[in-house]
**Q** 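Once you've had a glance at the structure underneath, I'll fire off some questions.
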Amino acid sequence: MFMRRTEVEAYRVCGEDANVFKKYSMNEGVNISAKYTSTTKIGHFYNNDELIGYCAALSTFANCRGLDYSDISILVYDECVPESRNKRPLRDEGYLMLNALETINRNRIVDGEEELILILLSNAIDLGNPFLAQMGFTEILSQMIFKERRSYTNKERGLHIEKYEDLEISKAKSKGMVYKLGEGTGFNERALSGKFVDNDLSVVQKSVDTRQYIPFITMGEVTIWMHKSNDTYWVSSKRVQAKYNFKAADMETARLFILPRYRLHVAYKAVKYDSLQTRAVLEQMIHYVSV
């Protein structure tokens, strides 16, 4: 199965004139066609008349629960991190993916069958993306950057991450007209470098002397600490009793209370975080979008 974030993207992937296998078909001398059905929210890929795969959107896959996908062995989720933070967010995107995996994988391990393989593909755009944070990848990727590691494996989670940088294909593409035109705009670094150029890792400060701070606000498991003398913030993933304590039911009140203050502090570069994952969680809770 080939998966994209939204139904519009999945529909375009299956377009008759521009399906994702168009150039592959031309190069390999095959005839891979695609058809998307709006009623079922599922696309199908055919090699001549033989069904070889499916296409779906993560945003609508919940409508496909209860169906049998036992013939799927690999799920490829393409562009799992959108190229812009202004793209329409999906609520609980990480859990949507886990539910999709459960729907497709079913009882394979119980039946002694090979389990589904998940492949996530993305440009290195935004470490604080909610999907990466909810899947527990943000902290891992942050540590990979700090330690200059290109790969990471966790056998217990069945997880392997490859961070591709300075590839030969990127060097070749950099000589093309698109990247000549994009020189100096920041586009080339985002598209070719394989580095999370949109994220300022200088905002990460794992610990502070909390004697110099006041616990200002708690929301969920996040605490915003305010410096006693210079009005800077430090955001921690550890919940403590604060001046203002908001429960889950009060989240909208908390958002209205903190968002203007937070936006101003971010603009003046007066916020530090114990991790980028903490930043992602906080900004998702208060619906903060950078401008």
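One is the number of the first residue; the rest follow in order along the sequence. Keep in mind that the numbers below use all heavy atoms, side chains included, and drop hydrogens, waters and symmetry copies.
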**Q** Less than 4.5 Å apart, side chain to side chain, heavy atoms only: is that true for V271 and T232?
**A** no
**Q** Consider only side-chain N and O atoms of N245 and T218, and report whether a donor and an acceptor are under 3.5 Å apart.
**A** yes
**Q** Tell me, do L116 and R108 make a side-chain contact under 4.5 Å, heavy atoms counted?
**A** yes
**Q** What pairs with Y69 under ring pair (Phe, Tyr, Trp, His ring centres under 6.0 Å), at least two apart in sequence or on another chain?
**A** Y54, F61
**Q** Hydrophobic clustering (ILVMFWY, side-chain heavy atoms < 4.5 Å, transitive) - are I52 and V30 grouped together?
**A** yes
**Q** Taking atom CD1 of I117 and atom CG of L101, what is their separation to the nearest 0.5 Å?
**A** 12.0 Å
**Q** Treating Ile, Leu, Val, Met, Phe, Trp and Tyr as nodes and any side-chain heavy-atom pair under 4.5 angstrom as an edge, say whether V81 and I161 lie in one connected cluster.
**A**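 Same hydrophobic cluster.
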**Q** Quick check on the 6.0 Å ring-centre criterion: do F131 and Y77 meet it?
**A**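 Close enough - the centres of the two rings lie under 6.0 Å apart.
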**Q** Less than 4.5 Å apart, any side-chain heavy atom of I258 and any of I224?
**A**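 Touching, per the 4.5 Å side-chain cut-off.
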**Q** For Y24, look at atom OH and say whether over 12 heavy atoms of other residues, nucleotides or ligands are found less than 6.0 Å away.
**A**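 Atom OH in Y24 is not crowded, with 12 or fewer foreign heavy atoms closer than 6.0 Å.
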**Q** Count I, L, V, M, F, W, Y as connected when their side-chain heavy atoms are under 4.5 Å apart, and connections chain through other members. Are L132 and L58 then in the same cluster?
**A** yes
**Q** Are more than 12 heavy atoms, taken from residues, nucleotides or ligands other than L51, located less than 6.0 Å from that residue's CG atom?
**A**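 Yes, because the 6.0 Å sphere around CG of L51 holds more than 12 heavy atoms from other groups.
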**Q** Is the backbone N or O of R211 less than 3.5 Å from a side-chain atom of K228, with the two atoms forming a donor-acceptor pair by type?
**A** yes
**Q** Indicate yes or no for a side-chain donor-acceptor contact from K272 to the backbone of S202 under 3.5 Å, with no hydrogens or angles considered.
**A** yes
**Q** Quick one: name the residues clustered hydrophobically with L256, using the 4.5 Å side-chain heavy-atom rule over I, L, V, M, F, W, Y, and just say none if it's on its own.
**A** none
**Q** To the nearest 0.5 Å, what is the distance between NE2 on H227 and CG on N230?
**A** 4.5 Å
**Q** Using modelled atom types only, decide if a donor and an acceptor are shared between the side chain of E9 and the backbone of T6 within a distance under 3.5 Å.
**A**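 Looks like yes, one N/O pair under 3.5 Å.
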**Q** Who else is in V240's hydrophobic cluster (ILVMFWY, side-chain heavy atoms under 4.5 Å, direct or via others)?
**A** V208, Y213, W225, W234
**Q** What distance do Y36 atom OH and H44 atom NE2 have between them, rounded to the nearest 0.5 Å?
**A**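 Taking OH in Y36 and NE2 in H44, the distance rounds to 10.5 Å.
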**Q** Is the shortest side-chain heavy-atom distance between M97 and Q134 below 4.5 Å?
**A** no
**Q** Thinking salt bridges, do E79 and R4 make one under a 4.0 Å N-O criterion?
**A**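 Answer for the salt bridge query: yes.
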**Q** Is it the case that more than 12 heavy atoms not belonging to E114 sit under 6.0 Å from its CD atom?
**A**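 At most 12 heavy atoms, drawn from other residues, nucleotides or ligands, come within 6.0 Å of this atom.
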**Q** I'd like to know if the side chain of T223 reaches the main chain of K238, judged simply by a donor and an acceptor atom lying under 3.5 Å from each other, with no hydrogens or angles considered.
**A** yes
**Q** Heavy-atom distance under 4.5 Å between the side chains of Y233 and R261, does that happen here?
**A** yes
**Q** Step by step, work out the side-chain contact (heavy atoms from CB on, under 4.5 Å) result for M219 and L282.
**A** CA-CA 8 Å; M219 293 176 290; L282 171 64; 3.4 Å; yes
**Q** Just how far is it from atom CG of N99 to atom CD1 of I104, taken to the nearest 0.5 Å?
**A** 11.0 Å
**Q** Can you give the donor-acceptor pairs under 3.5 Å from side chains of residues 152-159 to other protein atoms, not counting sequence neighbours?
**A**
unit_1, atom_1, unit_2, atom_2, d
Y152, OH, N154, ND2, 3.4
T153, OG1, H160, ND1, 2.6
N154, OD1, E156, N, 3.1
N154, OD1, R157, N, 3.2
R157, NH2, M135, O, 2.9

**Q** Using ring pair (Phe, Tyr, Trp, His ring centres under 6.0 Å) as the criterion, list what pairs up with Y262, not counting sequence neighbours.
**A** Y288
**Q** Are M3 and Y95 joined in one hydrophobic group, where the rule is that I, L, V, M, F, W and Y side chains link up if heavy atoms are under 4.5 Å apart?
**A**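 They do share one cluster, since a chain of ILVMFWY contacts under 4.5 Å joins M3 to Y95.
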**Q** Looking just at side-chain N and O atoms, do D274 and Q205 make a donor-acceptor pair shorter than 3.5 Å?
**A** no
**Q** What I'd like to find out is whether the side chain of V13 reaches to under 4.5 Å of the side chain of N19, using heavy atoms alone.
**A** no
**Q** Does T37 use its side chain to pair, donor to acceptor, with the backbone of T40 at less than 3.5 Å?
**A** no
**Q** Using a 4.5 Å cut-off on heavy atoms from C-beta on, say whether the side chain of F21 contacts that of S33.
**A** no
**Q** Crowded around R12 CZ? As in, over 12 foreign heavy atoms under 6.0 Å?
**A**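 Incorrect, the count does not exceed 12.
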**Q** Kindly compute the distance separating CD1 (I42) from SG (C14), expressed to the nearest 0.5 Å.
**A**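 If I round to the nearest 0.5 Å, the distance is 9.5 Å.
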**Q** Does Y11 belong to the same Ile/Leu/Val/Met/Phe/Trp/Tyr cluster as F45, with side-chain heavy atoms less than 4.5 Å apart forming each link?
**A**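 Y11 does not cluster with F45.
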**Q** Tell me if the CG atom of N27 is crowded by more than 12 foreign heavy atoms within 6.0 Å.
**A** yes
**Q** Any heavy-atom pair between the side chains of R279 and V203 that's under 4.5 Å?
**A**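 The answer is yes, as the side chains (C-beta and beyond) meet within the 4.5 Å cut-off.
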**Q** My understanding is that only residues two or more places apart in sequence, or in another chain, count here; which of them pass ring pair (Phe, Tyr, Trp, His ring centres under 6.0 Å) with Y244?
**A** F216, F257
**Q** Between NZ of K206 and OG1 of T278, what distance do you get to the nearest 0.5 Å?
**A**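 So the NZ of K206 and the OG1 of T278 are separated by 9.0 Å.
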